[in-house]
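One structure below.
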Amino acid sequence: MDLIVNRSKSHKYVLAALLPLALIMLLAFAAPRKAHADGSPRVIEITAKRFAFSPNQITIKKGETVKLRITSEDVIHGFFMRALKIDEDIQPGTPTEITLTPQSAGTFLTICDHFCGANHGNMNMTITVVE
Ligand code: CUA
């Protein structure tokens with residue numbers, strides 16, 4: 001009998017100790033999200049693969065800073081858009097990061113400008129910048 005009573009008491013102590021711990025963990029998980037909203041740019045993942053970018057269209061707000069993280073799944077591709085001053089080679093294996101703050105609204109066709117095979121000329125995507 002004594003043993004059972006003691007056990008249930010120690011259970012209560014464990015719960016009392018776990019509750020603040022759970023709260024701390026919740027706060028810890030909430031913190032990075034807060035930091036993200038405070039200023040670190042939104043990251044947009046893009047995959048390059050013969051002969052397409054995926055997604056093939058993204059939308060950014062004018063004046064919004066975003067980080068494009070482009071990964072090639074096969075060979076070297078290009079990522080070129082003159083008006084937005086983007087001109088990068090996308091090496092397979094290592095993601096290429098481009099930080100971008102578009103200053104004018106519009107629809108911008110972005111092309112692969114590194115020859116990557118037969119259908120290279122049709123490899124492109126659209127960056128839409130909205131007001
Ligand atoms: Cu991809 Cu050219």
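Note that ligands are numbered from 1 as they come in the structure, with each ligand's atoms numbered from 1 the same way.
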- Below 4.5 Å, heavy atoms only, C-beta onward: do Thr110 and Asn124 meet side chain to side chain?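 No - every pair of side-chain heavy atoms lies 4.5 Å or more apart.
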Quick one: does [X]'s side chain have a donor or acceptor within less than 3.5 Å of a partner on [Y]'s backbone?
X: Arg69; Y: Thr96; result: no
X: His120; Y: Phe51; result: no
X: Asp89; Y: Gly78; result: no

- Item | Interatomic distance, Ile44 atom CD1 to Ile127 atom CD1 [nearest 0.5 angstrom] |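 Ile44 CD1 to Ile127 CD1: 8.0 Å, rounded to 0.5 Å.
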- Query: By residue and atom, what protein N/O/S atoms are less than 2.8 Å from atom 1 (Cu) of ligand 1?
  - Reply: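 Less than 2.8 Å away from atom 1 (Cu) of ligand 1 sit His77 ND1, Cys112 SG, Cys116 SG, Met123 SD.
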- Message: Testing the basics here: between Gly63 and Thr101, what is the closest heavy-atom pair and its distance to 0.1 Å?
- Response: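 Reported closest heavy-atom pair: O-CG2, 3.4 Å.
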